[in-house]
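One structure below.
Start at 1 and go down the list; that is how both ligands and their atoms are numbered.
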Amino acid sequence: MTINIKKCTLEDSRKLQEISYETFNETFKDQNSPENMNAYLERAFNLPQLEKELTNVSSYFFFIYYNNEVAGYVKVNTDEAQSEEMGDQTLEIERIYIKNQFQKHGLGKHLLNQALEVAMKENKKKIWLGVWEKNENAIAFYKKMGFVQTGAHSFYMGDEEQTDLIMTKTLSEG
Ligand SMILES: CC(C)(COP(=O)(O)OP(=O)(O)OC[C@H]1O[C@@H](n2cnc3c(N)ncnc32)[C@H](O)[C@@H]1OP(=O)(O)O)[C@@H](O)C(=O)NCCC(=O)NCCS
């Protein structure tokens with residue numbers, strides 16, 4: 001078994017689109033209407049949008065490979081790329097997704113550690129994320145990884161307003 005993490009480039013846009021669709025569907029289709037799912041998928045993961053995000057100098061995407069197959073990805077944001085105005089001392093994990101068949105093998109933890117590494121390299125003090133309040137698995141994972149709830153914000157899935165919990169992990173004090 002080999003596990004590798006690779007930083008994505010613009011050339012990865014189609015592969016990124018594929019895994020973004022697949023993992024978003026797997027995660028949310030049972031709890032959301034097809035109309036709202038499609039509206040979100042088309043808005044968030046169309047190629048021009050992903051290409052824009054891949055070339056944003058304040059965002060990074062990483063793929064994780066399990067035996068040479070892409071098994072998941074993470075997107076992190078710094079500075080003004082963050083979804084909330086948090087300033088320049090924090091890093092946001094905007095997306096972290098492992099394909100169903102590869103979950104619970106430690107890959108999520110590897111990707112989270114990759115995000116932590118970026119945060120530490122850039123001297124960030126905190127790492128934060130928004131997670132749908134109904135996504136119990138992810139919330140349990142984040143708690144296990146040392147995140148605590150520090151707030152909430154609204155999120156639109158199609159036309160439905162949903163609540164995301166904001167969870168934070170402090171990397172250094174002061
Ligand atoms: C959440 C997710 C990224 C976790 O990745 P994963 O590869 O399944 O998790 P790992 O195997 O790395 O688990 C790391 C630790 O968290 C724990 N953990 C993972 N999922 C858990 C759960 N549902 N409940 C309790 N603990 C959990 C593991 O037991 C493990 O603990 P250990 O370090 O003591 O062994 C993955 O399940 C996923 O992609 N889910 C669907 C997409 C999603 O919801 N993304 C988040 C959107 S905000």
### Summary
At under 4.0 Å between heavy atoms, what of K109 touches ligand 1? The answer is both
### Task
Report the member of N135, L165, I139, I64 with the shortest heavy-atom distance to atom 47 (C) of ligand 1.
N135
### Query
Do F141 and N135 come within less than 4.5 Å of each other through their side chains, counting heavy atoms only?
no
### Task
Report, in ascending order of atom number, the atoms of ligand 1 lying under 4.0 Å from any heavy atom of G106.
10 (P), 11 (O), 12 (O)
### Residue list, side chain to side chain contact (heavy atoms under 4.5 Å, CB included) with S20, at least two apart or on another chain
L16, F45, Y73
### Query
For K104, is at least one N or O under 3.5 Å away from an N or O on ligand 1?
yes
### Task
Group every Ile, Leu, Val, Met, Phe, Trp and Tyr by side-chain heavy-atom contacts under 4.5 Å, then state whether L129 and I139 land in the same group.
yes
#### Entry: Protein heavy-atom partner closest to atom 39 (O) of ligand 1 - residue, atom, separation in Å
I98 N, 2.7 Å
### Query
Hey, is N137 touching ligand 1 through its side chain, its backbone, both or neither, going by heavy atoms under 4.0 Å?
both
### Query
Please state which protein non-hydrogen atom is closest to atom 40 (N) of ligand 1 and give its distance, to 0.1 Å?
Q103 NE2, 3.3 Å
### Query
Does an N or O anywhere in I96 fall below 3.5 Å from an N or O of ligand 1?
yes
### Query
For E122, what residues pass the side chain to side chain contact (heavy atoms under 4.5 Å, CB included) criterion, not counting sequence neighbours?
Y60, T78, V118, K124
### Task
Verify whether one side chain among E94 and S83 offers a donor that lies under 3.5 Å from an acceptor in the other.
no
#### Entry: Greater than 12 external heavy atoms within 6.0 Å of K143's NZ
no
### Query
Closest non-hydrogen protein atom to atom 34 (O) of ligand 1, residue and atom name please, with distance?
K144 NZ, 2.6 Å
### Within-cutoff protein neighbour (heavy atom, under 4.0 Å) for atom 32 (P) of ligand 1
yes
## Note on the structure
For L50 and S13 the tightest heavy-atom approach is CD1-O, 4.2 Å
### Task
Check Y142 against ligand 1 and report side chain, backbone, both or neither, counting heavy atoms closer than 4.0 Å.
side chain
### Query
Does D159 offer a backbone N or O that forms a donor-acceptor pair with the side chain of N36 under 3.5 Å?
yes
### Query
Can N32 and Q162 be counted as having a side-chain donor-acceptor contact under 3.5 angstrom?
yes
### Message
Show the atoms of ligand 1 that are less than 4.0 angstrom away from any heavy atom in H105.
### Response
11 (O)
### Query
Counting heavy atoms only, which of A71, G72, A140 is nearest atom 25 (C) of ligand 1?
A140
### Query
Would L107 count as a contact of ligand 1 if the rule is a heavy atom under 4.0 Å away?
yes
### Query
Quick one: nearest non-hydrogen protein atom to atom 1 (C) of ligand 1, plus distance?
F141 CD2, 3.8 Å
### Query
Does G108 reach ligand 1 with a nitrogen or oxygen that is under 3.5 Å from one of the ligand's nitrogen or oxygen atoms?
yes
### Task
Determine, step by step, whether H105 and I3 satisfy the side chain to side chain contact (heavy atoms under 4.5 Å, CB included) criterion, reporting the C-alpha distance in whole Å, the side-chain angles of both residues, the deciding distance to 0.1 Å, and the verdict.
CA-CA 11 Å; H105 288 69; I3 294 169; over 6 Å; no
### Query
Cut-off 3.5 Å, side chains only: do S59 and E53 have a donor facing an acceptor?
no
### Task
Could you say whether the N/O atoms of M145 and ligand 1 ever approach to under 3.5 Å?
no
